[in-house]
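Some notes on the structure that comes next.
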There are 2 protein chains.
Amino acid sequence: MNDDKLSARRRQTRSTLVEAGISVFAVKGIDGASIEEICEAAGFTRGAFYSNFSGRDELILATIESRTSHDLDMLDATIERWRDRLSCGQPGDLEGFLTEFITDTFSQKVVTAAEVIAEHEIELYCLRTPGLYPRYAELSSYQIERIQSLIENAIGFAEAAATIPLPDLISALTAIHSQAALRAAAGKRLHEKVEIDPTQMVRILARLLDFDRD
Amino acid sequence: MNDDKLSARRRQTRSTLVEAGISVFAVKGIDGASIEEICEAAGFTRGAFYSNFSGRDELILATIESRTSHDLDMLDATIERWRDRLSCGQPGDLEGFLTEFITDTFSQKVVTAAEVIAEHEIELYCLRTPGLYPRYAELSSYQIERIQSLIENAIGFAEAAATIPLPDLISALTAIHSQAALRAAAGKRLHEKVEIDPTQMVRILARLLDFDRD
DNA sequence: AGACCTCGATACAAGAATGTATTGGATACA
DNA sequence: TGTATCCAATACATTCTTGTATCGAGGTCT
């Protein structure tokens with residue numbers, strides 16, 4: 001987690017290995033991928049790997065740390081953007097507003113098909129690896145917090161109210177997004193970007209809100 | 001798929017291996033589980049395994065065939081039950097009706113934590129295994145068909161109309177269910193049963209329908 | 001420039017997993 | 001009872017994977 005102490009070279013190597021891991025995991029699964037394969041994909045040898053990580057689990061750990069930290073930055077930036085927006089006027093048309101909101105919140109999260117698949121793979125891996133689960137759960141909860149904050153803002157801005165408990169609303173949206181991403185990734189080549197049509201989520205979100213406007 | 005030609009003994013062995021596979025997959029992941037481990041869990045040796053399956057993929061295939069055929073039977077039975085109900089009266093209170101419907105449709109599907117996790121594991125494995133994906137997709141689509149049929153019935157019975165396209169409605173419900181099942185399975189021991197509180201799904205479904213009643 | 005240090009490559013040993021070929025016990029059948 | 005068949009156990013050869021211990025190139029500091 002603390003990359004700070006590491007030399008630039010080392011940081012670069014680690015990050016290359018992490019990226020390679022994602023690519024290989026998407027094809028072979030986490031346990032199906034040998035350390036050797038990952039190193040090969042990264043252009044290193046196993047020597048480099050074991051000099052940087054104690055083993056597979058530590059690579060996974062580095063992967064979720066890096067991924068989450070990136071996602072959190074994106075979410076925080078989005079929160080900022082929407083906070084600004086709060087002060088400068090009306091939402092305009094509802095459809096457009098929600099579409100923009102959903103796109104902003106969810107679509108920056110993941111890009112290539114490989115990343116989507118690897119993310120699901122990692123989720124399961126952490127679920128069944130006691131040493132990894134607590135950290136995974138912690139990092140997930142940070143993301144949920146941010147998303148909740150975003151949704152609260154947006155709802156307030158739209159002068160609306162959630163008609164179901166907020167946690168349920170959020171988990172529904174993330175579930176739908178996560179499934180949609182996986183479906184979209186299924187067909188594609190690994191490095192194709194995954195585009196998720198926001199209309200399903202928009203429609204559902206719209207239906208789960210009450211609008212006080214007259 | 002055609003167990004018909006097999007002797008009872010052979011059928012029993014295969015099914016034991018399939019069950020053992022599910023247990024082991026849930027702990028080790030599909031690629032993390034050695035054939036040996038699966039056999040050990042089943043009380044057989046590798047000789048039995050290779051006498052029954054050509055390799056890991058064929059075991060997975062047998063697993064999804066067996067699982068799906070069971071699920072389809074359940075769904076068909078549920079469809080029957082609801083068709084009967086159509087003829088014998090009013091839905092009564094809406095909340096109760098939807099709760100019963102959701103429970104009926106989704107809750108019989110999966111039982112233990114191990115099964116939930118293994119199911120997700122298998123989904124990803126099939127996604128990245130070209131030889132398995134077509135069959136997996138085919139079997140999934142049968143299930144979707146049944147669920148769609150159920151939902152159509154229920155909506156009609158409740159004298160309601162979906163306010164978003166039916167496929168979107170269904171995929172939303174399955175996504176929510178699937179995520180809820182995984183979350184519920186996460187904490188538990190492998191053979192504990194997973195209970196999914198239907199209220200989230202009920203509330204959302206209710207919000208996604210328009211009721212023509214007066 | 002020279003000594004030091006960092007970091008990845010190489011070589012090696014040990015262990016794990018796979019798949020096959022063969023064996024032996026049980027069961028069905030005549 | 002004898003015999004043929006089926007099916008899982010055993011034994012074995014091979015390949016894959018892992019982790020460590022060592023080496024050496026390239027950079028850094030004085």
Side-chain angles (χ1 to χ4, degrees), chain A residues 1-63 66 121 125 128-129 131-132, chain B residues 2-63 66 118 121 125 128-129 131-132:
Chain A
M1 70 189 80
N2 249 348
D3 288 359
D4 310 339
K5 305 169 188 169
L6 300 171
S7 76
R9 185 188 181 191
R10 214 158 176 75
R11 229 170 3 226
Q12 171 62 39
T13 304
R14 286 173 66 101
S15 135
T16 305
L17 283 166
V18 164
E19 293 303 318
I22 290 173
S23 301
V24 181
F25 293 154
V27 187
K28 302 266 187 157
I30 291 192
D31 296 279
S34 71
I35 304 295
E36 173 81 38
E37 273 174 307
I38 296 168
C39 295
E40 201 172 337
F44 291 105
T45 61
R46 275 201 339 281
F49 181 89
Y50 284 106
S51 151
N52 279 281
F53 303 102
S54 68
R56 194 187 310 263
D57 284 4
E58 213 173 85
L59 175 68
I60 305 287
L61 194 60
T63 307
S66 127
E121 212 95 49
Y125 186 81
R128 70 174 128 84
T129 306
L132 249 34
Chain B
N2 251 349
D3 288 358
D4 310 341
K5 304 169 189 169
L6 300 171
S7 76
R9 185 190 182 191
R10 215 160 174 73
R11 223 163 16 216
Q12 171 62 38
T13 303
R14 286 173 67 101
S15 137
T16 304
L17 283 166
V18 164
E19 293 302 320
I22 291 173
S23 300
V24 180
F25 292 154
V27 186
K28 304 267 187 153
I30 290 192
D31 296 280
S34 70
I35 304 296
E36 174 82 40
E37 273 174 307
I38 296 168
C39 295
E40 200 171 337
F44 290 105
T45 62
R46 278 202 336 281
F49 181 88
Y50 284 105
S51 151
N52 279 282
F53 304 101
S54 68
R56 196 187 309 266
D57 285 4
E58 212 172 85
L59 175 67
I60 305 287
L61 194 60
T63 306
S66 128
E121 213 94 49
Y125 186 81
R128 70 174 127 84
T129 307
L132 250 33

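Residue numbers start from 1 in every chain, and the chains themselves are labelled A, B, ... in the order their sequence lines are given, proteins ahead of strands.
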Fill in the blank from the handout: Between B:L59 and the options B:L61, B:D57, B:T63, the side chain to side chain contact (heavy atoms under 4.5 Å, CB included) test singles out B:T63
Practice task
Please report the C-alpha distance between A:F49 and A:E36 in whole Å, then the side-chain angles of each, then the deciding distance to 0.1 Å, and finally whether the side chain to side chain contact (heavy atoms under 4.5 Å, CB included) criterion is met.
Solution key: CA-CA 9 Å; A:F49 181 89; A:E36 173 81 38; over 6 Å; no
Can you name the atoms? Protein N/O to nucleotides 23-30 of chain D N/O, anything below 3.5 Å, with the distance.
none

Practice task
Quickly work out the B:E40 CD to C:dA17 C1' distance and round it to whole Å.
Solution key: 13 Å
Practice task
Would you kindly give the CD-to-C1' distance between B:E36 and D:dA11, to the nearest whole Å?
Solution key: 13 Å
Exercise for the section: Grab the CZ-P distance between B:R10 and C:dA26 for me, whole Å please. Expected result: 18 Å
Practice task
Rounded off to whole Å, could you give me the CD1-to-P distance for the A:I35 and C:dA9 pair?
Solution key: 15 Å
Exercise for the section: Please report, rounded to the nearest Å, how far the P atom of C:dC5 is from the CG atom of A:L6. Expected result: 19 Å
Handout entry: Atom pair CZ (A:F44) and CG (A:L17), whose distance is rounded to the nearest 0.5 Å
Key = 6.0 Å
Problem - Set of side chain to side chain donor-acceptor pair (under 3.5 Å) partners for B:T129, sequence neighbours left out - result: none
Problem - Euclidean distance, atom CG of residue A:D31 to atom C1' of D:dC16 [Å, nearest integer] - result: 15 Å
Exercise for the section: Enter the distance from A:I22:CD1 to A:E121:CD here, rounded to the nearest 0.5 Å. Expected result: 12.0 Å
Practice task
Taking only the side-chain nitrogens and oxygens of A:T13, find out if one of them lies under 4.0 Å from OP1 or OP2 of C:dG8.
Solution key: yes
Problem - Nearest listed nucleotide, side chain of A:R46, among D:dT10, D:dT18, D:dC7 - result: D:dT18
Exercise for the section: Ignoring hydrogens and angles, state whether a donor on the side chain of A:T16 or A:Q12 is under 3.5 Å from an acceptor on the partner side chain. Expected result: yes
Exercise for the section: Indicate, with a heavy-atom threshold strictly under 4.0 Å, whether A:S34 touches base, sugar-phosphate, or nothing. Expected result: sugar-phosphate
Practice task
Go through the steps for B:I30 and B:R56 under the test side chain to side chain contact (heavy atoms under 4.5 Å, CB included), then give the verdict.
Solution key: CA-CA 9 Å; B:I30 290 192; B:R56 196 187 309 266; 4.0 Å; yes
Exercise for the section: Look up atom OG in B:S15 and atom CG in B:N52, then write down how far apart they are to the nearest 0.5 Å. Expected result: 10.5 Å
Exercise for the section: Report yes or no: does B:R46 contribute a side-chain atom to a donor-acceptor pair with the main-chain N or O of B:I35 at less than 3.5 Å? Expected result: no
Handout entry: Residues within residues 47-56 of chain A bordering DNA chain D, heavy-atom distance below 4.0 Å
Key = A:Y50, A:R56
Exercise for the section: For A:L17 and C:dC7, give me the distance from atom CG to atom C1', rounded to whole Å. Expected result: 12 Å
Practice task
Could you state the atom-to-atom distance from NZ of B:K28 to P of C:dA16 in whole Å?
Solution key: 11 Å
